[in-house]
There are 2 protein chains.
Amino acid sequence: MRPTVIDIAREAGVSLATVDRVLNARPGVRDKTIRAVNEAIDRLGYVRDLTAANLARSRSYRMAVMLPDTESQFIQTLAAELTRAGSLAAASRVEVSVHRFPAEDPHALAAMLSALPEAEVSGVALMAPETPVLRDAIRGLRARGLPVVALVSDLPNTERDHFIGIDNRAAGRTAGVLMGRYLGRDPAQVLVLGESLLARDTIERRRGFDEVMLRDFPQVEALQTLETHGSATTLRQVVTEMLVNAPAVRGIYSLGGGYRALTQTLDELGLSGKLVVIGHELTPHARAALESGALTAVIMQNIGHLARSTLRVLRAKADRAVIDAGQEQIRIEIVLRENLPLSA
Amino acid sequence: MRPTVIDIAREAGVSLATVDRVLNARPGVRDKTIRAVNEAIDRLGYVRDLTAANLARSRSYRMAVMLPDTESQFIQTLAAELTRAGSLAAASRVEVSVHRFPAEDPHALAAMLSALPEAEVSGVALMAPETPVLRDAIRGLRARGLPVVALVSDLPNTERDHFIGIDNRAAGRTAGVLMGRYLGRDPAQVLVLGESLLARDTIERRRGFDEVMLRDFPQVEALQTLETHGSATTLRQVVTEMLVNAPAVRGIYSLGGGYRALTQTLDELGLSGKLVVIGHELTPHARAALESGALTAVIMQNIGHLARSTLRVLRAKADRAVIDAGQEQIRIEIVLRENLPLSA
DNA sequence: GCAAAAATGATGCACGTACATCAGAACGGT
DNA sequence: ACCGTTCTGATGTACGTGCATCATTTTTGC
């Protein structure tokens with residue numbers, strides 16, 4: 001049988017109340033006694049039963065997740081996965097509420113954060129660009145004792161407890177090295193597409209991509225980022241124009257999504273499968289394009305993992321428990337047709 | 001507040017005992033009453049609190065894992081990760097015992113399996129080649145009500161409940177496509193190294209590799225697998241001999257580990273960084289070789305994930321709970337220097 | 001050596017469910 | 001309407017820990 005607190009008390013020659021005080025770091029215990037209890041714990045190999053502990057605490061966790069109201073495939077999937085992870089975690093007393101804020105309005109987000117019902121929320125995850133207002137809002141949350149984690153895009157200069165996501169610069173480097181090696185030794189040009197030049201993740205990826213290109217593949221010229229503003233028409237227009245006028249273009253690097261418009265355009269130009277095309281995020285269209293050969297590789301982060309990790313980390317932070325770094329690290333995954341995951 | 005069984009009883013107009021009978025599918029409840037209770041459950045959105053349930057059941061799980069006694073880096077890491085995952089899971093009443101069996105003796109494994117203390121074990125995971133004896137042993141375990149999962153290498157023709165690992169053929173294809181594209185359009189030869197030609201995973205990888213090579217890269221010739229028997233001396237000998245005599249060799253595909261001897265040999269020949277070298281499993285030596293450029297890419301499965309997944313799946317099976325397929329799928333990961341994970 | 005302060009003990013309820021027992025109610029068949 | 005069977009209710013204990021209260025002991029400061 002597993003030892004319980006009662007066994008510890010007997011072994012250490014103290015009362016149950018004292019063991020409890022030691023276990024929960026409550027005041028009013030002499031150092032000597034603390035040591036005696038800890039030694040008993042070690043001797044018996046006691047491991048606190050979390051299920052019982054949580055039950056007794058009758059603690060439940062409500063995690064608030066703030067996402068921009070952008071309607072990109074990525075955000076939508078993330079929201080869905082968070083909700084799904086939340087419904088599975090309901091059995092462990094974790095509830096998730098996903099909130100959306102106007103993407104371009106940091107003040108609105110800050111207002112939402114300070115309006116969170118203090119007593120009912122035990123953790124906050126947010127995906128937002130770093131602004132002074134947000135920094136203050138996060139400091140306010142932390143002051144109220146709430147753990148805060150940055151999601152997808154880091155907030156390095158704030159007091160966030162943790163970052164859950166990938167290093168986008170490294171992701172860009174990864175895309176770069178694949179592009180460079182796939183293109184080979186001959187001189188070539190690469191088209192770079194981005195929805196918006198302002199998004200931090202896009203900038204970071206581009207920076208990583210260029211870094212590798214300049215260092216390892218001087219024969220490849222990465223052209224200036226073409227902005228599509230998320231519009232299929234714009235994308236088709238700029239891509240067509242570039243490809244018709246620049247025959248040296250042998251690769252396309254898409255910093256974001258927009259696979260449908262891109263593959264369609266390539267198809268129309270009769271170039272499907274003839275260029276090295278690398279993008280980010282494995283959307284359903286990206287899957288199809290990988291399978292057909294229109295898309296060469298996708299750099300992705302596992303969104304389901306992202307969602308589960310968020311809940312686990314927030315919970316661990318709320319409990320002041322340790323985090324399994326290995327489990328929570330989000331990998332920069334390279335997806336080819338050959339290693340396509342079976343499901344989303 | 002979350003509804004509890006008491007709320008359900010009140011809502012359905014029945015007693016707590018009846019709700020309990022319905023929840024746990026115990027006999028002695030009329031269909032009509034069952035329906036009434038289930039409707040109340042739906043109306044209130046009741047979710048059974050697993051922590052309380054398990055506590056009350058005072059249920060604990062002992063999972064037995066059977067691994068071959070091979071001393072490869074991979075197996076050792078797997079064993080370590082399983083133990084680690086087990087110590088973390090101890091807080092949730094899960095215990096893990098890792099057993100080793102003589103790699104070449106299926107009868108010994110079968111004997112160990114049938115000797116498992118029936119009442120004290122609630123799940124079995126095993127990594128072993130499929131043999132008739134093993135098939136029978138697994139059938140025996142299942143008959144005793146124990147869930148059985150295959151680990152790393154599948155046992156498709158047995159009654160195992162689940163397989164946790166990657167499709168090695170797809171992993172071989174992934175290595176193949178990287179090799180082919182990295183080598184470019186010029187004719188080239190590829191050296192293929194394997195520790196043993198008998199291991200099922202090795203065979204599958206080789207098959208996947210050849211499949212892609214023949215289909216997509218006819219200009220590349222994959223040479224016959226050179227057997228190293230896990231010996232550094234043999235490896236050095238065969239690799240040196242081949243590389244000196246065959247100047248057309250521009251790539252090396254290592255079906256298993258043995259990175260240290262390989263990079264050392266390449267170094268001696270002054271070929272470090274000049275060939276496309278692709279291998280499997282991210283050992284500490286592989287990390288170093290990736291960082292130095294001696295190794296081009298590694299195809300891996302996340303061993304920590306493997307271990308955690310094993311425990312989660314066994315537990316879910318023991319509880320007859322549903323499995324989150326997305327979370328349990330082990331990915332075929334491509335690791336380059338650019339997307340090296342921070343830790344193991 | 002005494003009072004005040006600090007440390008410890010004893011105890012009991014709470015958390016949400018599992019499970020067992022026994023009494024009593026509703027049911028179906030004759 | 002009677003009986004036996006099948007359902008249902010009422011109740012209590014248990015699981016391992018959290019947490020609070022109050023009594024008691026030990027330590028500390030002077």
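Only heavy atoms go into these numbers, but all of them, side chains included; no hydrogens, no water, no symmetry mates. Computed from a predicted structure; not experimentally measured. Here is how names work: the chains are called A, B, and so on, in the same order as the sequence lines, proteins then strands, and each is numbered from 1.
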query: Can you find a heavy atom in the side chain of A:His305 that is under 4.5 Å from one in the side chain of A:Arg308?
result: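 A:His305 reaches A:Arg308 side chain to side chain.
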message: When you measure only distances, ignoring hydrogens and angles, does the side chain of B:Arg21 come within 3.5 Å of the base of D:dG9 through a donor and an acceptor?
response: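 By the distance-only test, yes, there is a pair.
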What is the distance, to the nearest angstrom, from the [atom1] atom on [X] to the [atom2] atom on [N]?
X: B:Leu50; N: C:dA18; atom1: CG; atom2: C1'; result: 13 Å
X: B:Ile8; N: C:dT17; atom1: CD1; atom2: C1'; result: 13 Å
X: B:Asp49; N: D:dG16; atom1: CG; atom2: P; result: 17 Å
X: A:Asp31; N: C:dT8; atom1: CG; atom2: C1'; result: 15 Å
X: A:Arg10; N: C:dA10; atom1: CZ; atom2: P; result: 13 Å
X: A:Arg2; N: D:dG16; atom1: CZ; atom2: P; result: 9 Å
X: B:Arg57; N: C:dC15; atom1: CZ; atom2: P; result: 21 Å
X: B:Lys32; N: C:dG28; atom1: NZ; atom2: C1'; result: 15 Å

For a quick check of understanding: with a heavy-atom distance under 4.0 Å over all strands, which category does [X] fall into, base, sugar-phosphate or nothing?
X: B:Ala53; result: sugar-phosphate
X: A:Asn54; result: nothing
X: B:Arg93; result: sugar-phosphate

- prompt: Rounded to the nearest 0.5 Å, how far does CE of B:Met66 lie from CG of B:Leu109?
  reply: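 It is 5.5 Å, given to the nearest 0.5 Å.
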task: Measure the CZ-OG1 distance between A:Arg139 and A:Thr158 for me, rounded to the nearest 0.5 Å.
output: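 One gets 9.0 Å once the value is rounded to the nearest 0.5 Å.
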query: Do you see a donor-acceptor pair shorter than 3.5 Å between the side chains of B:Asn24 and B:Asp20?
result: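 The answer is yes; a qualifying pair exists.
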- prompt: Taking 4.0 angstrom as the limit, do B:Arg2 and B:Asp7 come out as a salt bridge?
  reply: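 Salt bridge absent between B:Arg2 and B:Asp7.
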Choosing from [options], which nucleotide comes nearest the side chain of [X]?
X: B:Ser58; options: C:dG16, D:dC15, D:dC19; answer: D:dC15
X: B:Thr18; options: C:dG16, D:dG9, C:dG9; answer: D:dG9
X: A:Asp20; options: D:dG18, C:dT8, D:dC15; answer: D:dG18

task: Between B:Leu16 and B:Ala56, just flag the one whose closest nucleotide in DNA chain D comes earlier from the 5' side.
output: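 With B:Leu16 and B:Ala56 compared, the 5'-side residue is B:Leu16.
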- prompt: Of B:Leu55 and B:Gly13, whose nearest nucleotide on DNA chain D comes first from the 5' end?
  reply: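 The residue closer to the strand's 5' end, by nearest nucleotide, is B:Gly13.
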Tell me whether the side-chain N/O atoms of [X] come closer than 4.0 Å to OP1 or OP2 in [N].
X: B:Thr4; N: C:dG16; value: no
X: A:Arg26; N: D:dC19; value: yes
X: B:Arg30; N: C:dC27; value: yes

